[in-house]
Each structure stands twice: as structure tokens, then as C-alpha cells.
Amino acid sequence: MKPLEILVAIPKWAKATPDQVLDSPAFAMPCRLGEEQVSLRLGAVQPSDTLDLAILFGDERHSLRLARSTRFSELDKVWDSRADMPEPILLALVEKECGPLLQMLENAVRRQLRLVGLATSPDPDARMLSAQVNDIVFALTRSETVAAAFGILRHVDFASPELRAETFASEAEFAAFALAPADLASLSVGDALLVPEIGSVPPRLVVDGRFVVDESGVAPFADDGRCRVVAAEMRNVSLGELFDAAENPRRVEGEAPGQLRLTQGGKTIAYGRLDRLGEQPAFIVESPAS
């Protein structure tokens with residue numbers, strides 16, 4: 001599985017609305033600004049001193065509020081006197097200086113962008129999206145069209161510390177085998193189940209009951225009904241660890257601990273320990289699950 005496939009398999013993210021994706025600290029939309037490959041991210045605050053423009057995406061009217069930036073050098077020179085400039089001259093300067101930004105937004109929203117004019121009386125209650133691309137800060141109407149174009153899972157930054165820190169319960173699995181229902185039902189304290197794969201086959205991690213991590217990478221977990229011998233204690237695995245295991249598969253290291261559980265279908269059947277029966281490792285039943 002790739003990181004995006006992992007994210008899609010997690011209900012919280014699979015069901016995330018565009019607004020929820022946009023509001024995530026992990027939101028980072030890859031864009032091209034002129035010849036630069038950049039990331040569009042949410043701004044910390046709404047810009048205050050702005051040049052307010054009326055634009056159209058297709059036939060939908062939006063507001064674009066540009067903050068002062070030295071990247072727009074000619075516009076920066078006239079910034080303090082912009083209110084005294086004729087609107088056609090100011091708009092021509094915007095089209096010349098801000099063309100790459102306007103083109104970037106057009107590509108991002110996937111609708112033709114047209115500069116209508118100055119927004120002479122912007123709505124103070126309009127729902128705006130504060131954004132930043134490198135040193136360019138702006139606010140854009142947070143319409144359904146914009147949210148739907150921006151707020152998709154492909155625009156999540158898998159390197160985001162906040163995203164990578166999300167954790168899931170996991171269990172180390174050391175053996176899996178079929179056991180007849182009658183034998184399973186008759187298990188009692190002191191019984192031994194041979195588990196020859198322990199020590200000869202690498203363990204694997206089952207994370208959140210959804211993923212398997214082993215030397216092949218990360219794959220969906222499918223419960224095939226077999227009995228499984230797992231560590232008694234669960235441990236947390238971060239989403240970052242899952243992403244790393246998907247990109248750079250490696251053998252899961254670890255020896256079977258002293259305390260183990262016998263499970264089937266996600267339920268614990270018995271607790272026990274690892275011992276030897278002759279030359280073979282064996283799971284010794286110590287107590288049934290309560």
C-alpha cells in the first residue's frame with residue numbers, strides 16, 4: 001500500500017469532508033507558481049491590509065484579497081497610493097505582476113479565472129480562506145467550488161508532523177494456524193499448542209485491525225478465521241511509522257515476549273506463555289479469557 005491508500009483505508013480520513021481536509025494542519029496543496037513547484041498552505045491569520053479584487057471562476061463570483069508582497073515589486077512601489085490610482089491602470093498592474101498567481105489559482109480550481117475589477121465594498125462577513133504560497137499571502141472566498149477543488153486527500157502532506165503523530169493500537173503476531181472448533185472449545189489450563197513458526201518466521205504487526213506490516217511493506221489485514229498467537233500487550237504505532245514501512249519495507253524484528261494471547265476473529269480466547277515441548281516452541285495455556 002502507498003501512503004495515500006493507507007489514509008483512504010482509515011475511516012476518519014475516508015469520510016473527511018473537503019472542509020475537514022482544508023482545516024487539517026497537514027493540508028498542503030502542490031501547485032505551480034510560474035516555473036516554481038510550490039505548496040499552497042493555510043495562513044495563520046486573515047491578511048488585513050489588502051488589495052481587494054473581484055474575480056470570476058467560470059461564472060461564479062469570488063473575492064481575492066492580496067496582501068502586500070515584495071514579490072510584486074511594481075505593485076509594492078505604488079501600494080500606499082493605490083487608492084489614488086485609476087482602476088484600469090491598477091488592474092493592468094495586477095494582471096502583469098500577479099499573472100502567475102492568478103494562473104495558479106485557475107489551475108487549482110480548474111475553472112477559468114477572470115479578473116472583474118476592484119472589490120470596492122467587500123462583504124466583511126464573507127467566508128474567506130486565508131492561504132499562503134511562499135511569501136505570497138492572500139485570502140480567497142471559501143466557496144463550495146474552492147473547497148471541493150482544494151480539500152481532497154491528495155493534498156495532504158504525508159510529512160506533516162501532526163499527521164504522522166496520529167497513533168493506532170497494534171499487536172505483534174508470532175504465529176497463525178487453523179484449529180478445529182472442538183479442539184478450541186476444549187482448551188484448558190496447561191494445554192500446549194505447537195507453534196513451530198515462532199523463531200523461524202519473522203513476526204508481523206497487525207495495526208488497528210486494518211493493516212499488516214511485514215518485510216513486504218504494508219497491506220490490508222484480512223481475518224481468515226485462523227487462530228493467532230500475539231503479544232499480550234498492545235502497543236501504539238504512529239501513522240508516520242506506517243508511511244515509512246510502506247515506502248521502505250523492512251523485516252519486523254522482535255522475539256515473542258513471555259506473555260502471549262491466543263485470539264480468533266478479533267477476540268481473545270486464552271492467555272499463555274511461550275515454552276518448549278521437546279524441540280518445538282509451544283503456546284502453553286495459563287488462563288482462559290474472562
Side-chain angles (χ1 to χ4, degrees), residues 1-28 151-179 184 193 195 197-198 201-274 283 288-290:
M1 299 177 78
K2 298 296 184 184
L4 181 58
E5 294 174 314
I6 292 172
L7 208 60
V8 170
I10 299 171
K12 166 189 171 181
W13 287 101
K15 297 176 182 178
T17 64
D19 279 326
Q20 289 171 329
V21 174
L22 268 176
D23 290 334
S24 166
F27 172 74
I152 57 179
L153 288 184
R154 284 202 312 275
H155 300 156
V156 166
D157 180 7
F158 300 117
S160 163
E162 293 87 353
L163 179 67
R164 291 176 61 85
E166 190 172 343
T167 58
F168 302 91
S170 73
E171 56 189 14
E173 178 191 290
F174 298 95
F177 49 87
L179 194 64
L184 190 61
L193 299 173
V195 282
E197 56 263 63
I198 293 183
V201 177
R204 64 180 192 166
L205 287 179
V206 177
V207 181
D208 196 37
R210 301 180 188 280
F211 308 104
V212 172
V213 180
D214 59 20
E215 58 192 355
S216 299
V218 180
F221 173 70
D223 192 340
D224 57 9
R226 293 188 298 170
C227 292
R228 302 166 53 238
V229 175
V230 302
E233 296 294 327
M234 307 282 280
R235 76 176 182 89
N236 284 334
V237 169
S238 71
L239 198 46
E241 290 176 287
L242 275 181
F243 292 157
D244 292 344
E247 296 286 9
N248 299 291
R250 64 185 65 185
R251 177 174 173 149
V252 176
E253 301 293 344
E255 297 181 356
Q259 293 300 305
L260 300 168
R261 289 183 292 123
L262 179 68
T263 71
Q264 186 186 51
K267 295 182 179 180
T268 298
I269 306 301
Y271 294 92
R273 71 180 191 279
L274 181 65
F283 174 84
S290 57

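This structure is a prediction, so every number in the text was calculated from the model and none was measured.
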### Query
Less than 4.5 Å apart, any side-chain heavy atom of S24 and any of W13?
yes
### Query
Below 4.5 Å, heavy atoms only, C-beta onward: do L22 and H155 meet side chain to side chain?
no
### Query
For R226 and A176, which heavy atoms make the closest approach, and how far apart are they?
NH1-O, 3.5 Å
### Query
Yes or no on side chain to side chain contact (heavy atoms under 4.5 Å, CB included) for V206 and V230, after CA distance, side-chain angles and deciding distance?
CA-CA 9 Å; V206 177; V230 302; over 6 Å; no
### Message
With a 4.0 Å cut-off on N to O distance, would you call R204 and E215 a salt bridge?
### Response
no
### Query
With a 4.5 Å limit on heavy-atom distance, are the side chains of F177 and V195 in contact?
yes
### Task
Starting at CG of D214, measure out to CD of E173 and round the result to the nearest 0.5 Å.
10.0 Å
## Note on the structure
Nearest heavy-atom contact between P249 and G217 is CB-N, 3.5 Å
#### Entry: Which atom of F27 lies closest to which atom of V21, heavy atoms considered
CB-O, 3.5 Å
### Message
Can you confirm whether E233 is buried at CD, in the sense that more than 12 heavy atoms of other residues, nucleotides or ligands lie under 6.0 Å from that atom?
### Response
no
### Any donor-acceptor pair under 3.5 Å from T17 side chain to Q20 backbone
yes
### Distance flag, aromatic centroids of F243 and F158, threshold under 6.0 Å
yes
### Query
Please walk me through it: do E171 and R228 pass salt bridge (Lys or Arg N to Asp or Glu O under 4.0 Å)?
CA-CA 11 Å; E171 56 189 14; R228 302 166 53 238; 3.0 Å; yes
### Test side chain to side chain contact (heavy atoms under 4.5 Å, CB included) applied to M234 and R261, step by step
CA-CA 11 Å; M234 307 282 280; R261 289 183 292 123; 3.4 Å; yes
### Message
For V252 versus P202, what's the shortest heavy-atom pair and its separation?
### Response
O-CB, 4.2 Å
### Query
Can you check whether L239 reaches I10 side chain to side chain, under 4.5 Å on heavy atoms?
yes
### Salt bridge present between R250 and D244 (N-O < 4.0 angstrom)
no
### Query
Which atom names give the shortest non-hydrogen contact between L205 and S170, and what distance separates them?
CD2-OG, 4.3 Å
### Query
Do the non-hydrogen side-chain atoms of P257 and F174 ever get within less than 4.5 Å of each other?
yes
### P220 side chain near M1 side chain, heavy-atom distance below 4.5 Å
yes
### Message
side chain to side chain contact (heavy atoms under 4.5 Å, CB included), that's the test. Do C227 and L184 meet it? Break it down for me.
### Response
CA-CA 9 Å; C227 292; L184 190 61; 3.9 Å; yes
### Query
If you round to the nearest 0.5 Å, how far is CZ of R210 from CG of L242?
12.0 Å
### Query
Any side-chain heavy-atom pair from I6 and F211 closer than 4.5 angstrom?
yes
### Task
Kindly compute the distance separating CG (D157) from CD (E162), expressed to the nearest 0.5 Å.
9.5 Å
### Summary
One should read off an interatomic distance between L274 CG and I198 CD1, to the nearest 0.5 angstrom, of 5.0 Å
### Task
Find the distance between CG (L7) and CD (E5) and round it off to the nearest 0.5 Å.
11.0 Å
### Message
Would you compute the distance between atom CD of E166 and atom CD of E241 and round it to the nearest 0.5 angstrom?
### Response
13.0 Å
### Residue pair L153, L4: steps toward the side chain to side chain contact (heavy atoms under 4.5 Å, CB included) verdict
CA-CA 8 Å; L153 288 184; L4 181 58; 4.0 Å; yes
### Query
Which atom pair, heavy atoms only, marks the closest approach of G225 to Q264?
O-NE2, 3.0 Å
### Message
Just so I know, are the side chains of V212 and V218 near enough to count as touching, which here means a heavy-atom distance under 4.5 Å?
### Response
no
